[in-house]
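Please read these numbers as outputs of a predicted model, since none were measured by experiment. Indexing begins at 1, ligand by ligand and atom by atom, following the structure's order. The figures here come from the full heavy-atom set of this structure, side chains too, leaving out hydrogens, waters and symmetry mates.
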Amino acid sequence: QNMEVIMRKHIKNNVSWVGKIDWELQEFHGSDYTINNGSSQNAYLIEEEKTVLIDTVWKPHSSEFIDNLESEIDLNTIDFIVCNHGEVDHSGSLPALMEKIPNTPIYCTENAVKSLVGQYHHPEWNFKTVKTGDSVDIGNGKSLVFVEMRMLHWPDSMATYMTGDNILFSNDAFGQHFAVEELWADKADQCRLWEEALKYYANILNPFSQLVKAKVEEIQKLNLPIDIIATSHGAIWRENPMQIVEKYYEWSQAYQEDQITIVYDTMWDGTKKLAHKIAEEIAKQSPDTRVKIFNISKTNKNDIMTEVFKSKAIAVGSPTVGNSVLSSVAGWLDFLRELKFKNKKAAVFGTYGWSGESTKVLREELTKYGFSVVEPEIKCNWNPEESDFNKAEALVSALLV
Ligand code: FEO
């Protein structure tokens with residue numbers, strides 16, 4: 001038996017958690033999402049008259065996952081598998097599992113069939129495609145009802161609702177990349193829990209905010225009793241589980257706090273000095289506004305985006321290099337584009353020695369990405385002097401209007 005064997009954790013009645021808590025995971029989506037506090041892939045086992053497995057875990061943990069399941073049940077007793085989402089962190093153990101129980105039905109959306117076949121090349125698997133409202137009887141008066149969650153966050157995503165026990169298996173939605181050994185949100189470090197939930201929303205779900213809003217309204221209209229929201233990452237919600245749904249609703253509507261985030265990179269500290277002058281000026285003109293300053297090359301990009309998400313305005317600075325901005329800033333701007341922030345102001349600043357295009361490039365890019373860029377800017381030749389620093393006053397006033 002594997003020393004790392006997970007064992008089941010009890011969720012409610014005949015429902016158990018059988019996933020993997022990975023305290024050592026450091027990144028996700030390749031290296032695009034940095035993980036600071038571990039994460040988990042939550043899979044669930046339902047043992048009513050029917051035995052059902054909801055999702056699996058990532059491939060590196062597949063033998064551990066299957067060993068664990070086999071220590072709990074005879075795999076042949078699994079009546080069917082629900083695959084809420086085809087991404088590898090939840091489907092990665094399917095190939096090894098299906099070798100052991102090859103004809104077991106897999107309930108998933110039509111799009112999930114595309115993604116699973118595309119990734120694992122097993123068109124012969126026994127797929128049962130489902131749509132919103134379809135349900136399967138699992139005995140003891142309980143059933144599973146499927147709800148498509150298209151683009152939350154993939155076209156194949158869905159959630160599964162278990163009647164009787166009132167559990168919503170929400171997959172990625174409402175989750176966090178956060179290792180919580182006790183599983184429950186109410187047991188978790190609250191500060192980190194909300195930080196991680198917000199980071200997950202800002203960096204993964206924000207581009208789909210309009211769909212999040214519509215989906216939350218749809219869920220609320222169904223008026224389903226929800227006792228537990230069993231996510232596929234991080235903590236599971238049982239105390240007032242709708243609190244995370246309400247937060248998503250709030251976050252989905254161009255969320256902002258009284259915060260301004262200043263983001264820059266610098267070659268010889270000229271642009272850095274301007275960044276700090278702008279921060280000082282915000283504190284002077286609006287002492288209640290929270291100000292944060294990040295050098296793009298020295299702070300994790302996901303953490304910066306979480307701060308941008310919370311901000312009502314940003315100021316972005318770069319010196320001119322090669323008739324444009326620094327490559328670090330250009331890469332960061334492209335990530336900013338992906339996240340589709342709404343209803344935020346922006347200001348631009350930067351130093352130059354010769355041609356001086358950086359502020360023009362920043363203005364054009366930020367405008368394209370939906371920011372309303374204020375007119376006053378600081379474009380400074382060589383090192384800033386008093387007349388350059390003085391321009392911060394007008395720039396900040398415009399941001400605060
Ligand atoms: Fe979209 Fe947790 O995978």
Task: Which atom of Phe349 lies closest to which atom of Thr359, heavy atoms considered - done: C-CG2, 3.7 Å
TODO: Examine all N, O or S atoms of Glu87, backbone included, and report whether one is under 2.8 Å from atom 2 (Fe) of ligand 1.
DONE: no
Task: Tyr200 and His177 aromatic centres sub-6.0 Å - done: yes
- [ ] Could you grab the angle centred on atom 2 (Fe) of ligand 1, going from NE2 in His90 to OD2 in Asp89, to 10°?
- [x] 90°
TODO: Among Lys9, His10, Arg8, find the one that has a side-chain hydrogen bond (donor to acceptor under 3.5 Å, both in side chains) with Ser16.
DONE: Arg8
Task: salt bridge (charged side-chain N to carboxylate O under 4.0 Å, His left out) between Asp227 and Arg238, worked out - done: CA-CA 6 Å; Asp227 294 343; Arg238 66 175 171 189; over 6 Å; no
Task: Heteroatom test (N, O or S) for His233 near atom 2 (Fe) of ligand 1, limit 2.8 Å - done: yes
Task: For atom 1 (Fe) of ligand 1, the closest N/O/S atom belonging to Asp172 - done: OD2
